[in-house]
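Below is one structure, written out as structure tokens; comments come after it.
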Amino acid sequence: MAGNSSSNYIGVSTDGINWSWYNKPSGLMAYGMAYGNGKFVASSTNGRLYTSDDTGQTWSYIVPDIDGLSPANNDKYLNIVYNGEMFIAVGYNYSWNDDESRNLYTDIVTTSTDGVNWSTAVPIKDELGNVLRLTTLSIIAVSA
């Protein structure tokens, strides 16, 4: 994937050498992209993931459910990988905590074997079972 938030185009490649450029769909703020199982999947804002199964010419968006968290316009999926078996998307859910008068960013993860049907996104937890509320730019998806 190539391009930036102000670009009207998105570049896609299945091999990293040969690239094609297409009009970027409205609303797609691509933070990351993965290719696997014949499909491109892009991570974006507003809790959306975009998919393309025609080499990036047309895109559809999906809004995965987020378990136990309220969807917000500032939800973002920041990174996505394909590990040979499934797509893994990580990001955060944004909410306002009135009690502490500050923003809360809860790190989330969701998976899909086909890029279209996604598991309910769940908060990422540490080894003690505590929900992570870190600087989400530090959470990345890594292929196994």
Side-chain angles (χ1 to χ4, degrees), residues 1-97 102-144:
M1 187 263 314
N4 61 39
S5 61
S6 62
S7 173
N8 292 324
Y9 300 96
I10 190 166
V12 295
S13 173
T14 58
D15 61 11
I17 298 170
N18 300 299
W19 290 84
S20 298
W21 293 89
Y22 302 106
N23 288 323
K24 184 173 71 172
S26 176
L28 173 57
M29 176 83 72
Y31 289 106
M33 185 181 293
Y35 179 79
N37 204 17
K39 184 179 301 286
F40 285 99
V41 180
S43 56
S44 188
T45 60
N46 299 325
R48 293 180 177 182
L49 297 169
Y50 287 76
T51 63
S52 174
D53 57 6
D54 63 1
T55 66
Q57 294 181 51
T58 58
W59 294 84
S60 301
Y61 72 85
I62 298 161
V63 182
D65 292 330
I66 301 175
D67 185 34
L69 299 170
S70 300
N73 288 335
N74 291 328
D75 294 344
K76 293 182 180 177
Y77 287 99
L78 298 173
N79 201 322
I80 188 161
V81 296
Y82 183 75
N83 71 358
E85 295 180 18
M86 72 177 81
F87 292 95
I88 303 165
V90 294
Y92 65 85
N93 173 272
Y94 166 84
S95 61
W96 180 259
N97 183 340
R102 64 185 175 94
N103 299 332
L104 292 178
Y105 297 91
T106 302
D107 296 314
I108 55 176
V109 61
T110 183
T111 61
S112 172
T113 56
D114 62 7
V116 175
N117 300 296
W118 290 83
S119 66
T120 299
V122 295
I124 299 172
K125 297 180 179 182
D126 65 16
E127 63 277 359
L128 299 176
N130 300 311
V131 173
L132 293 183
R133 289 193 169 94
L134 302 172
T135 304
T136 55
L137 294 177
S138 65
I139 302 296
I140 60 170
V142 179
S143 180

Has [X] got a side-chain atom pairing as donor or acceptor with [Y]'s backbone, closer than 3.5 angstrom?
X	Y	result
Ser43	Gly32	yes
Thr111	Ser119	no
Asp15	Ile17	yes
Ser52	Thr58	yes

Just so I know, are the side chains of [X] and [Y] near enough to count as touching, which here means a heavy-atom distance under 4.5 Å?
X	Y	result
Phe40	Trp59	yes
Tyr82	Ile88	no
Val41	Trp118	yes
Val109	Val122	yes

ask   = Hey, what do you get for NZ (Lys39) to CG (Asp54), rounding to the nearest 0.5 Å?
value = 9.0 Å

inquiry  = Using 0.5 Å steps for rounding, measure from the CG atom of Asn23 to the CD1 atom of Ile10.
reply    = 10.5 Å

For [X] and [Y], which heavy atoms make the closest approach, and how far apart are they?
X	Y	answer
Ile62	Val116	CD1-O, 3.3 Å
Asp114	Phe87	C-CE1, 4.2 Å
Asn117	Ser112	O-OG, 2.8 Å

message = Before you tell me yes or no, could you show the steps for Val90 and Ile80 under side chain to side chain contact (heavy atoms under 4.5 Å, CB included), namely the whole-Å CA-CA distance, both residues' side-chain angles and the distance that decides it to 0.1 Å?
response = CA-CA 6 Å; Val90 294; Ile80 188 161; over 6 Å; no

ask   = Side-chain donor-acceptor pair under 3.5 Å between Ser60 and Thr51, yes or no?
value =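 No.
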
task = Check whether more than 12 heavy atoms from other residues, nucleotides or ligands sit under 6.0 Å from atom OH of Tyr22, and answer yes or no.
result =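 Yes, the 6.0 Å shell around OH holds more than 12 heavy atoms from other groups.
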
